[in-house]
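Right, one structure below, let's go through it.
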Amino acid sequence: MPEQTAFTVRSGDVTRWSQTLIPTLREAPAEAESPSHVLMLRAGYIRKLGAGIYDYLPLATRVLSKVSNIVRQEMNAAGASELLLPVLLPTELYAGTKRDVDYGELLFKIHDRKNASYALGPTHEEPITELVKGSVTSYKQLPVNLYQIQTKFRDEARPRSGLLRGREFIMKDAYSFHTAVEGPGGLNETYDAMYTAYSNIFRRCGLSFVPVEAESGPIGGSASHEFMVTCESGEDTILRCPVSGYAANVEKCEIGARPRGTFNEPPTGELTEVHTPNLPGIDEVGKFMKVKPDRMLKSIVFEIKGSEGSRDQGTGKARWALAVVRGDHDVNEGKVKIAVRAITGDEKATVALADEKAARAAGFAIGYVSPRTVNSVPGTVLLVDNDASGGGFWASGSDKPDHHVKHFNWRREVGAALDDASKVCVVDVRNAIVGDPSPRSEGAKLEAAKGIEVGHIFKLGTKYSEAMGFEVLLADQQRKPVIMGCYGIGVSRTMAATVEQNHDADGIRWPMPIAPYHVIITLLRVDEEGPKTTAMEIAKKLAAIGLDVLIDDRDERPGVKFKDADLIGVPIRLTVADKALAVGAVEFKVRGAAEGANGGGKGTLCPLADVVSWCAQAARDGGLA
RNA sequence: CGGGGCGUAGCGCAGCUUGGUAGCGCGUUUGGUUCGGGACCAAAAGGUCGGAGGUUCAAAUCCUCUCGCCCCGACCA
């Protein structure tokens, strides 16, 4: 701490439990399931107002503001400026970008008294682009990076896990505008700065996290990274290469070189048809036929939409993509798209899971499709995953309802088409799984971990600026759409993810930097003036060096106070009571250290004169800057 | 949106099958005894049984409709 500066150094807060609202619960409400949800409810951080809608009580608000402040500091340091945009957005704003349609049901739509249509902002690409478009008149004003911390809305199909997936949540979203991708002031420079800022933010929050390569999703764009807080209860699976450090989510993860089959292995037997009625999934079919899923071929039909956006039936152009993977693998749509672009040469082609009716009409026996349809359905390209391309025994659909076949053999069943590179290729079209070869380090195998996405950065490119007509005249007299990036952090989700990652049987264990209070003073006898005065004096001294202090001055029994202190998760506990005071000391304990059998643990006697230095040291050890 | 489940006191639950005065634990209030890991004794307050309609002499309980919430899946920051 600097002894003297021209400006006020932040002093800590002192709050008395009896004067604030921390309604702890002995039993968790039945509706809560995930650890963060249960604990934040029980510890009096949040209350539910409706599905996916929560009150933030004082403790939660303190955590949120600490997270927000770290976010602000790092964003500001990285050259971004804070602003505040409206939540309420006229639907016309989406006219150019069509995101009201793309976002679909997720967009929270409302109507005013005149029945005009509005959306509650889920993110703010449109309003920010509108704003900057109207304010930036010269390329010389770029680049600029603007952010806000604000409540966002999504009409989630299924809100769940408390704050982890709500319909209303707090998010920091930043948007940058550039005239170039490369070079000083370019998108890449800001993207990299954001990557660093995000790493700083989550590190400073005291979280274990990993940045992973990701698909850019409905926001659109070219490159993106997700920041994942690692924890067992995470919904997302991330894959990592232990050697190179490569990490990606399942949707994006590449797979290293794999051997491919030759298609020319000898058959294992006569092609045999098996009647397999009323079996919904590949596992059921496999069980019925007594074939392991990894010896079955799963054929999924995708519809190709060319860059013209129209379907080209009968013109010789590809209309269908049949992705074939092993029965125990999952097809990856993003990889199918890439493969389709390569095989058709159409760089803007997109794919979507085929509409069942349309696919049936074209000749696919959905549910019973085999690779043979590359010959029977015109305009079909066949994308065979490496692991599905070899010889040996295969079971497959039979191209007619309720039947499968055994002893499928590539050469015998599909024939010459296999050699036509414009119709068939062997590529990676499946999701990576644990144990797959690393794409970045030969011989290394991918490892899996669970995580919660708390941050996401995108290179948007010109998607929004083009749609909304935001162009600037560059130095070379060329008029070009502005290049954008966007960068989000789920602030309320970060709080919840922190709890998911940092808790024990007794309650929350906040990392020091974002704990609602750094120190809780547990006052055992409230009816005696001496201890009370001592507690207040200690609190003032701690506040003076910038620590936030909660004094539990409730008239409760010691057991209740200790349990509650552990529950709400304040990192340092000082117990002020007769015995220690008699020897001029208080009891000092760091949350989680040397817990007794039932969460007990007495801590150590700390002479009154040393209380401030002990707490300061513990706060520093806990990562408080 | 598909499947499953639940709405009874602030929280957790029983009662419903077989209709007949709405109950238990925790919490709350008052008094007393206590006081280092969710004390004890005594007294008390607190309920449109999610809502609407129906059947019945009578409905928390049976029937119909409806609203809300949770979990799994689809989807998704």
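In what follows, chains are A, B, ... by sequence order, proteins preceding strands, each numbered from 1.
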To the nearest Å, how far apart are [X] [atom1] and [N] [atom2]?
| X | N | atom1 | atom2 | result |
| --- | --- | --- | --- | --- |
| E156(A) | C1(B) | CD | P | 15 Å |
| E251(A) | A74(B) | CD | P | 12 Å |
| D555(A) | U34(B) | CG | P | 15 Å |
| E528(A) | C35(B) | CD | P | 12 Å |
| F108(A) | C75(B) | CZ | C1' | 16 Å |
| R42(A) | G12(B) | CZ | C1' | 12 Å |
| N249(A) | C76(B) | CG | P | 12 Å |
| D564(A) | G38(B) | CG | P | 12 Å |

Do any N or O atoms from the side chain of [X] and from the backbone of [Y] form a donor-acceptor pair under 3.5 angstrom?
| X | Y | result |
| --- | --- | --- |
| R240(A) | A248(A) | no |
| K298(A) | H329(A) | yes |
| K450(A) | D236(A) | no |

If the [atom1] atom of [N] is compared with that of [M], how far apart are they to the nearest Å?
| N | M | atom1 | result |
| --- | --- | --- | --- |
| U34(B) | G46(B) | C1' | 27 Å |
| C67(B) | C49(B) | C1' | 16 Å |
| C26(B) | A39(B) | C1' | 14 Å |
| G5(B) | U21(B) | C1' | 32 Å |
| G20(B) | G15(B) | P | 14 Å |
| U8(B) | U61(B) | P | 14 Å |
| C57(B) | G12(B) | P | 38 Å |
| C65(B) | G2(B) | P | 16 Å |

Inset, instruction - Apply the side chain to side chain contact (heavy atoms under 4.5 Å, CB included) test between T237(A) and each candidate in V434(A), V250(A), I433(A), N431(A); give the one that qualifies. - result: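 That would be V250(A); it is the only one of V434(A), V250(A), I433(A), N431(A) passing the side chain to side chain contact (heavy atoms under 4.5 Å, CB included) with T237(A).
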Once you apply the 3.5 Å cut-off to both distances, tell me the Watson-Crick or G-U wobble partner of [N], or none.
| N | answer |
| --- | --- |
| A14(B) | none |
| U64(B) | A52(B) |
| C35(B) | none |
| A9(B) | none |
| A74(B) | none |
| G47(B) | none |
| A42(B) | U30(B) |

Table of protein N/O atoms under 3.5 Å from nucleotides 69-72 of chain B N/O atoms:
unit_1: C69(B); atom_1: OP1; unit_2: A51(A); atom_2: N; d: 2.9
unit_1: C69(B); atom_1: O3'; unit_2: K48(A); atom_2: NZ; d: 3.0
unit_1: C70(B); atom_1: O3'; unit_2: E31(A); atom_2: O; d: 3.4
unit_1: C72(B); atom_1: OP2; unit_2: R158(A); atom_2: NH1; d: 3.1
unit_1: C72(B); atom_1: OP2; unit_2: R158(A); atom_2: NH2; d: 3.0
unit_1: C72(B); atom_1: N4; unit_2: R158(A); atom_2: NE; d: 3.4

Legend entry - Nucleotide of U34(B), C11(B), G38(B) approaching R557(A) most closely (side-chain heavy atoms):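 Of all the options, the side chain of R557(A) is nearest to U34(B).
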Legend entry - Listed nucleotide nearest any side-chain atom of F169(A), set C76(B), A77(B), G37(B):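 Nearest listed nucleotide: A77(B).
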Inset, instruction - By nearest nucleotide on RNA chain B, pick out whichever of T24(A) and A28(A) is the more 5' one. - result: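 Result of the comparison: A28(A).
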Check this for me, if you would: do [X] and [Y] make a salt bridge, where the nitrogen-to-carboxylate-oxygen distance has to be below 4.0 angstrom?
| X | Y | answer |
| --- | --- | --- |
| K48(A) | D55(A) | no |
| D173(A) | K152(A) | yes |
| R165(A) | E156(A) | yes |
| E226(A) | K252(A) | no |
| R160(A) | E235(A) | yes |
| D564(A) | R554(A) | yes |

Inset, instruction - List the atom of C615(A), the atom of L542(A), and the distance in Å for their closest heavy-atom pair. - result: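 Closest heavy-atom pair between C615(A) and L542(A): CB-CD2, 3.6 Å.
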Inset, instruction - For residues A193(A) and A78(A), report the shortest heavy-atom separation together with the two atoms involved. - result: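 Where A193(A) meets A78(A) most closely, the heavy atoms are O-CB, 4.5 Å.
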Inset, instruction - Pick base, sugar-phosphate or nothing for R47(A), based on heavy-atom distances below 4.0 Å to the nucleic acid. - result: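 Nothing, no nucleic acid heavy atom in range.
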Please tabulate, one pair per line, each protein N/O and nucleotide N/O from nucleotides 24-31 of chain B that are separated by under 3.5 Å, including the distance.
unit_1: G25(B); atom_1: N2; unit_2: E27(A); atom_2: OE1; d: 3.1

Inset, instruction - Tell me yes or no: between the side chains of N145(A) and Y147(A), is some donor less than 3.5 Å from an acceptor? - result: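 Result is no, nothing qualifies.
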Inset, instruction - Produce a footprint string for nucleotides 40-51 of chain B: one letter per nucleotide, 5' end first; B if the base is under 4.0 Å from any protein heavy atom, S if only the sugar-phosphate is, - if neither. - result: ------------
Inset, instruction - Kindly indicate whether a cation-pi arrangement holds for K459(A) with Y191(A), taking the cut-offs as under 6.0 Å to the six-membered ring centre and within 45° of the axis. - result: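 So K459(A) does make the cation-pi contact.
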